[in-house]
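A note on names: the letters A, B, ... follow the listed sequences, proteins ahead of strands, and every chain is numbered from 1. What you see below is based on every heavy atom in this structure, not just the backbone, and it leaves out hydrogens, waters and symmetry mates.
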Number of protein chains: 2
Amino acid sequence: MLGTPTRDRRSERREATKTEIVGVAWELARTEGLAAISLREIARRVGMQAPSLYSYFDSKNAIYDAMFAEGAREFLNRDRPAETGKALRDLQAHMRFFVQFCTEDAARYQLLFQRTIPGFEPSADSFAISVAGLELTRERLARMGFDDPRVLDLLTAIGTGLTDQQISNDPGGDRWVRLVDEAMEMFFQHVTTRMKKKGRARP
Amino acid sequence: MLGTPTRDRRSERREATKTEIVGVAWELARTEGLAAISLREIARRVGMQAPSLYSYFDSKNAIYDAMFAEGAREFLNRDRPAETGKALRDLQAHMRFFVQFCTEDAARYQLLFQRTIPGFEPSADSFAISVAGLELTRERLARMGFDDPRVLDLLTAIGTGLTDQQISNDPGGDRWVRLVDEAMEMFFQHVTTRMKKKGRARP
DNA sequence: GTCTATATTTGGATAGAC
DNA sequence: GTCTATCCAAATATAGAC
């Protein structure tokens with residue numbers, strides 16, 4: 001009887017190449033813009049001819065989809081600040097975490113959180129990863145006492161506003177990033193006051 | 001001696017055609033996306049062949065530039081809410097004005113306020129119009145007592161955050177638009193409290 | 001000012017040999 | 001799995017006749 005290998009060197013190699021292709025695609029997206037990546041240029045940088053890429057991905061959008069999945073997995077798996085039970089501190093720490101993640105890679109933010117690549121929609125599998133990541137955030141905010149949809153909408157607006165301004169008007173800097181703590185103080189003050197008025201418990 | 005006409009019918013006609021071309025370009029940008037407009041399609045819709053457009057504009061970017069100038073002029077010339085002297089009310093009204101302007105035409109917002117068309121930069125003339133519009137806003141906020149750069153950065157982040165969320169996650173709806181008044185209350189409360197602490201006059 | 005014809009570039013994708 | 005060769009489509013832009 002023939003021995004059955006527990007590892008498949010061929011598919012390991014294949015996965016490694018796919019990873020390399022996606023890595024080069026990200027590199028290109030960061031320098032030339034997310035919409036400007038081309039199969040020819042990706043192929044050139046990994047030392048292939050363009051058609052060879054089709055052995056690994058069915059289409060250009062399949063590459064975008066792999067990029068989306070990778071970015072979403074990074075968000076899902078990244079270590080989050082520990083919860084201390086002090087609502088304001090936790091809120092500040094978590095928003096710093098979020099804005100930091102978004103602004104450290106504008107191309108990734110564009111792919112994950114904005115709708116800007118014409119004709120690209122993430123696959124159900126990739127989308128599920130991203131939903132899982134956002135769900136972590138939602139649960140955490142709920143533990144802090146923020147579960148009113150309106151309040152969450154206000155909070156997400158502040159988060160994306162700081163992120164967008166940072167990326168658009170001070171890329172690489174920290175002009176808006178450093179406003180996160182103050183913005184959360186403002187938000188927290190507002191929400192707790194409003195909750196008291198409504199006779200609800202403080203978070 | 002020959003009579004000298006006070007009007008130049010030829011150049012009037014020419015300007016009218018340029019305006020028509022830009023109008024069709026906007027129409028296309030709104031339906032297909034700002035980046036997706038093509039000279040062929042513009043020409044087709046105005047009843048020309050593509051090369052004929054070059055009699056009116058030197059390049060595709062020149063059309064983008066004319067669009068930019070038109071959008072900036074709309075922002076500059078639009079009637080703004082009257083100032084009442086009540087800082088919070090004026091702030092709310094002005095932010096409603098801004099978010100309304102931005103969200104009513106996502107393509108225009110994208111062209112004027114985001115950097116998303118690869119290779120396009122507005123000309124100095126067009127850019128000056130947009131600067132004049134933003135300057136109106138800056139002056140108005142200064143009259144309300146908001147002139148600290150940090151405070152203005154926080155305010156613009158809230159404004160673009162509400163706008164972006166509205167456009168990205170509820171296009172055509174009002175899920176974030178209707179949070180403007182509350183957001184301004186929150187901001188106002190925060191800033192006045194902070195000013196008092198610093199011993200400065202209330203706005 | 002508008003047209004036809006065409007240059008030029010660039011992109012995604014496929015066929016088929018090796 | 002990789003290559004060469006090629007297809008096909010779309011885009012901006014130019015030349016030159018009318």
Within the structure shown, what part of the strands sits under 4.0 Å from Leu53(B) by heavy-atom distance: base, sugar-phosphate, or nothing? nothing
Is there side-chain contact between [X] and [Y], with heavy atoms separated by less than 4.5 Å?
X: Pro149(B); Y: Arg175(A); answer: no
X: Arg150(A); Y: Arg194(A); answer: yes
X: Phe57(B); Y: Asp65(B); answer: no
X: Arg140(B); Y: Glu83(B); answer: yes

Under 4.0 Å, heavy atom to any atom of DNA chain C: which of residues 57-71 of chain A qualify?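 Residues of residues 57-71 of chain A under 4.0 Å from DNA chain C: Ser59(A), Lys60(A).
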Test item: side-chain donor near acceptor, [X] and [Y], under 3.5 Å:
X: Thr103(B); Y: Gln166(B); value: no
X: Thr160(B); Y: Asp164(A); value: no
X: Gln100(A); Y: Glu104(A); value: yes

Taking [atom1] from [X] and [atom2] from [N], how many angstroms apart are they, rounded to a whole number?
X: Ile37(A); N: dG11(C); atom1: CD1; atom2: C1'; result: 12 Å
X: Arg40(A); N: dA9(D); atom1: CZ; atom2: C1'; result: 12 Å
X: Arg44(A); N: dT10(C); atom1: CZ; atom2: C1'; result: 15 Å

Return the orientation label for the Phe120(A) and Tyr64(A) ring planes: parallel under 30°, perpendicular over 60°, tilted otherwise.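 It falls in the tilted class, 30° to 60°.
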Parallel, tilted or perpendicular: which one describes the rings of Phe98(A) and Phe75(A), with boundaries at 30° and 60°?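 It falls in the perpendicular class, over 60°.
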Verify whether the ring centers belonging to Phe97(B) and His94(B) lie closer than 6.0 Å.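 Under 6.0 Å, so yes.
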Please determine if Arg108(A) forms a cation-pi arrangement with Phe101(A), meaning its NZ or CZ atom is less than 6.0 Å from the six-membered ring centre and no more than 45° off the ring axis. yes
By ring-ring contact (aromatic ring centres under 6.0 Å, His included) - contacts of Tyr56(B) (at least two apart):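 With sequence neighbours excluded, Tyr56(B) shows a ring-ring contact (aromatic ring centres under 6.0 Å, His included) to no residue whatsoever.
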Listed by chain and number, what are the side chain to side chain donor-acceptor pair (under 3.5 Å) partners of Glu20(B), not counting sequence neighbours? none
Close approaches to DNA chain D from residues 25-34 of chain B, in residue order (heavy atom, under 4.0 Å): none
For DNA chain D, which residues in residues 120-127 of chain A have a heavy atom at a distance below 4.0 Å?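 Residues of residues 120-127 of chain A that come under 4.0 Å of DNA chain D do not exist, since none gets that close.
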Do any N or O atoms of the protein come closer than 3.5 Å to N or O atoms of nucleotides 1-5 of chain D, and which pairs are they?
{"unit_1": "dG1(D)", "atom_1": "OP1", "unit_2": "Arg14(A)", "atom_2": "NH1", "d": "2.5"}
{"unit_1": "dT2(D)", "atom_1": "OP1", "unit_2": "Tyr56(A)", "atom_2": "OH", "d": "3.4"}
{"unit_1": "dT2(D)", "atom_1": "OP2", "unit_2": "Tyr56(A)", "atom_2": "OH", "d": "2.5"}
{"unit_1": "dC3(D)", "atom_1": "OP2", "unit_2": "Gln49(A)", "atom_2": "N", "d": "2.9"}
{"unit_1": "dC3(D)", "atom_1": "OP2", "unit_2": "Ser52(A)", "atom_2": "OG", "d": "2.7"}

